[in-house]
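What follows is one structure encoded as structure tokens, with my remarks underneath.
Quick note: residue numbers are just sequence positions, from 1.
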Amino acid sequence: MSAPTIPAPRAGYQRSKAKGSGFELGAWLFMRLSGVILVVLIFGHLIVNLWMGDGVHQLDFGFVAGKWASPFWQIWDLTMLWLAMVHGTNGVRTIILDYAERPGTRLTLQFVLYVASAVVIVLGTLVIFTFEPCPAGADPSLLPKFCEAL
């Protein structure tokens, strides 16, 4: 029996052809792109909510109602919600694939992850688009100023 030979140090390395659908490459690219977009969205969110105006003291029902009266801020927050949830879900999916060794455990954890993510995305989307800034019967002192005109 002969011993395996070691190739010469300068011998070219032949990479084997990748097998698969390319899903993992797409997931890897998504994480990088969504991360960059999320940084812009989150810092924009923090600057408007915490730095401009009275800072954290301005945050109340009226502030959120005033912001979400604008379709721009609804779309901004919706994009931030969806990207953050899908980005985080993809990251946790990768951790599950790396550390859950048994197929049954892996499948169960992924199922729970996808259901939880879907619930948060659906509920968050509903809150953003069904939010009523001027609810009937609410204390007028707590409502935003623009509700008085309605």
Side-chain angles (χ1 to χ4, degrees), residues 1 3-7 9 11-139 142-144 147:
M1 184 179 239
T5 60
I6 298 174
Y13 174 74
Q14 296 297 325
R15 181 177 284 239
S16 61
K17 290 284 185 187
K19 297 176 183 126
S21 65
F23 175 79
E24 290 300 328
L25 175 61
W28 183 85
L29 285 172
F30 170 78
M31 291 298 278
R32 272 68 190 162
L33 294 174
S34 66
V36 170
I37 296 168
L38 277 168
V39 166
V40 172
L41 291 171
I42 290 168
F43 275 106
H45 178 84
L46 291 174
I47 288 169
V48 168
N49 290 343
L50 302 177
W51 191 56
M52 297 176 80
D54 293 334
V56 73
H57 303 292
Q58 71 186 350
L59 298 179
D60 59 7
F61 180 86
F63 179 81
V64 174
K67 249 182 88 179
W68 282 353
S70 164
F72 174 81
W73 288 113
Q74 284 181 323
I75 298 300
W76 184 284
D77 286 350
L78 182 73
T79 304
M80 191 169 50
L81 169 73
W82 284 357
L83 268 181
M85 286 307 299
V86 175
H87 182 94
T89 300
N90 189 37
V92 174
R93 178 194 66 85
T94 303
I95 292 170
I96 290 170
L97 292 176
D98 285 347
Y99 291 105
E101 296 177 5
R102 295 170 51 201
T105 304
R106 185 179 291 169
L107 187 64
T108 302
L109 289 173
Q110 285 181 321
F111 176 77
V112 169
L113 171 67
Y114 297 145
V115 168
S117 297
V119 166
V120 170
I121 288 171
V122 168
L123 290 178
T125 302
L126 284 172
V127 166
I128 289 172
F129 286 118
T130 63
F131 183 76
E132 179 56 53
C134 304
D139 181 2
L142 298 175
L143 294 177
C147 289

One pair to check against side chain to side chain contact (heavy atoms under 4.5 Å, CB included): V92 and Q110. What are the steps and the verdict? CA-CA 9 Å; V92 174; Q110 285 181 321; over 6 Å; no

Any chance you could lay out the side-chain hydrogen bond (donor to acceptor under 3.5 Å, both in side chains) test for S70 and W76, step after step, and finish with the verdict? CA-CA 10 Å; S70 164; W76 184 284; over 6 Å; no

After noting the C-alpha distance and the side-chain angles of K67 and H45, does the key distance pass the side chain to side chain contact (heavy atoms under 4.5 Å, CB included) rule? CA-CA 11 Å; K67 249 182 88 179; H45 178 84; 3.8 Å; yes

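Environment of CG in L126: crowded, with over 12 heavy atoms of neighbouring residues, nucleotides or ligands closer than 6.0 Å. The environment of F72 atom CZ is dense: over 12 non-hydrogen atoms of other residues, nucleotides or ligands sit within 6.0 angstrom. Heavy-atom contacts from other residues, nucleotides or ligands closer than 6.0 Å to CZ of F43 number 12 or fewer. Shown here is E101, whose CD atom has no more than 12 heavy atoms of other residues, nucleotides or ligands within 6.0 Å.
Between L113 and T89, the shortest heavy-atom distance links the atoms CD2-O, 3.5 Å. Across all non-hydrogen atoms, the minimal contact from V48 to F63 is O-CZ, 4.1 Å. The minimum heavy-atom distance linking T105 with A100 is given by the pair CG2-CB, 4.3 Å. The minimum heavy-atom distance linking A27 with R93 is given by the pair CB-NH2, 3.6 Å. In this structure, S34 and L83 approach most closely via the heavy-atom pair CB-CD2, 3.7 Å. Between I128 and Q74, the shortest heavy-atom distance links the atoms O-NE2, 3.2 Å.
Under the side chain to side chain contact (heavy atoms under 4.5 Å, CB included) criterion, V40 pairs with no residue at all, not counting sequence neighbours.
Using a 4.5 Å heavy-atom cutoff, the side chains of V86 and I121 are in contact.
The aromatic rings of W68 and F131 sit perpendicular to each other, their planes meeting at more than 60°, with 30° as the lower class boundary.
A side chain to side chain contact (heavy atoms under 4.5 Å, CB included) with W28 is found for one member of E24, R32, M31 and no other, namely R32.
Not one N or O on the side chain of N49 forms a donor-acceptor pair closer than 3.5 Å with the backbone of V56.
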